[in-house]
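Below is one structure, written out as structure tokens; comments come after it.
The model shown is predicted, which means the values in this text are computed figures rather than measured ones. Counting starts at 1 for both ligands and their atoms, following the listed order.
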Amino acid sequence: MASDFTLEELQSATRNHGMPLEGLAYATTPPGMHYVLTHFDIPRVDPGTWRLEVDGRVARSLCLSLEDLRARPRVTQPVTLECAGNGRARLEPRPHSQPWLDEAVGTGEWTGTPLGPLLQQAGLLDDAKEVLFSGLDRGEQGEIVQWYQRALSAADSLRPEVLLADEMNGAPLPPQHGFPLRLIVPGWYGMAQVKWLHRITVLDEPFWGYQQNVFYRIAQDDDDPGVQLTRIYPRALMVPPGMPVFETRERLLSPGPLTLHGRAWSGWGAIARVDVSTDAGEHWHQSELEPPSAPHAWQAWSWTWEAEEGRHELLCRATDAAGNVQPLWPRWNLKGVANNAVQRLAVRVRHEPEA
Ligand SMILES: Nc1nc2c(c(=O)[nH]1)N[C@H]1C(S)=C(S)[C@@H](COP(=O)(O)O)O[C@H]1N2
Ligand SMILES: [Mo]
């Protein structure tokens, strides 16, 4: 297992927390258990003076208060978010950034107004190519001082599921999740879900930005143009069974029938199957899979195992409807993104000693 984490990585890891995997038991991640990833600082925003500006290549610029936005048509949808860096800490050599294991995921009930009709009200001009979303947080990364910014193609921003959300799980967004407004792009990795949104600028040329063109790419080295990340590759995770050993995190289980359960998701469509192995991948068993409860929310799976005494390695592996399947082992890339290799969990099955 990779070691020698730096104090800088530890500082990042304590600010940006994951979802404890027992949180997979809940269809909607309870407040405070959803993972958090923030590149810079969490800005403090006064909702009274805050405005959303819509400008650039539009017929009419807009300036909207929070009340203006909340008076628009509202929808609520459960959406599974996952950081593109999930799995990074398992790469060798380890790219130095937020050291996630498997836990950078969560499913919120996001409420807000669809973006498309608002862009149509502003009126995209014929030369509109991309739509740029700017956050209120600022810092330096890759030796570039920047606001957190990401763009979508004009076509992607007009997709009906894209939301300007001001509520998470029925309450105003918590500061760490983007208060007062964030973008929700269902199916896409976390980097697209711009928090503390305050400006939407329609561009007639492709946006160039650090978070767009440098960081969130699958590339082998600095000269490799690589591919920009968009949608989430499939992943299944299990609720860790039994009980943990505090020091080693190994799981202790009793022999006998045991139902393993978890959730699986993909940004490329529904999950088609989740397979489980209890012998480090030698044999696989197809789990029971629940149909999706919503188009962009994770799906529950379960499988019952006759646990026998000894040490075992449990694996689960998702395949989506588009045919994407999780790799058995991590595939390295420069930024440590999109590592959706299968989860491997060490367990020890033994009769519990008498008290
Ligand atoms: N303004 C802003 N938006 C942001 C980020 C950020 O640092 N600043 N981080 C992005 C990344 S990388 C992820 S994974 C998600 C995390 O969203 P969450 O903290 O609500 O889970 O927010 C995205 N939106
Ligand atoms: Mo992320």
Contact atoms of ligand 1, heavy-atom distance to Cys83 under 4.0 Å: 14 (S)
Side-chain donor/acceptor of Ser65 to backbone N/O of Asp68, under 3.5 Å: yes
Lys/Arg cation over aromatic Phe179: Arg44, 6.0 Å, 45° cone: no
Main-chain N/O of Gln228 paired with Tyr216 side-chain donor or acceptor, under 3.5 Å: no
Asp41 side-chain N/O to Asp137 backbone N/O, donor-acceptor pair under 3.5 Å: no
Enumerated ligand 1 atoms positioned under 4.0 Å from heavy atoms of His34: 21 (O)
Per-atom contacts, ligand 1 versus Thr38 - under 4.0 Å to a heavy atom: 7 (O)
Closest protein heavy atom (residue, atom, distance) for atom 10 (C) of ligand 1: Tyr148 OH, 3.5 Å
Audit row: Glu309, Arg348, salt bridge (Lys or Arg N to Asp or Glu O under 4.0 Å) steps and yes/no: CA-CA 7 Å; Glu309 273 187 81; Arg348 181 146 52 98; over 6 Å; no
Worked verdict on Leu315 versus Trp284 for side chain to side chain contact (heavy atoms under 4.5 Å, CB included): CA-CA 9 Å; Leu315 278 63; Trp284 292 91; 3.8 Å; yes
Element-labelled atoms of ligand 1 that are located less than 4.0 Å from some non-hydrogen atom of Asp137: 1 (N), 2 (C), 6 (C), 7 (O), 8 (N)
Closest candidate by heavy atom, reference atom 17 (O) of ligand 1, pool Met191, Arg182, Gln193, His177: Arg182
Residues Asp166, Arg182: salt bridge by 4.0 Å N-O rule: no
Ligand 1 contacted by Tyr216 (non-hydrogen, < 4.0 Å): yes
Pi-cation contact, Trp147 with Arg199 (under 6.0 Å, within 45°): no
Numbered atoms of ligand 1 (with element) below 4.0 Å of Val194, judged on heavy atoms: 3 (N), 24 (N)
Min heavy-atom dist Glu82 to ligand 1 below 4.0 Å: no
Part of Tyr189 with heavy atoms under 4.0 Å of ligand 1, whether side chain, backbone, both or neither: neither
Gln343 vs Arg317 side-chain heavy atoms within contact, under 4.5 Å: no
Minimum non-hydrogen distance to atom 16 (C) of ligand 1, winning option of Trp100, Tyr35, Trp110: Tyr35
Contact (N/O only, under 3.5 Å) between Leu37 and ligand 1: yes
Protein contact to atom 23 (C) of ligand 1 [nearest heavy atom, distance to 0.1 Å]: Gly190 O, 3.1 Å
Arg344 charged N/C atom sitting above Trp329 aromatic ring, 6.0 Å / 45°: yes
Protein heavy atom at shortest distance from atom 7 (O) of ligand 1: His39 N, 2.8 Å
Taking atom 3 (N) of ligand 1 as the reference point, the nearest protein heavy atom with its distance: Lys195 N, 2.9 Å
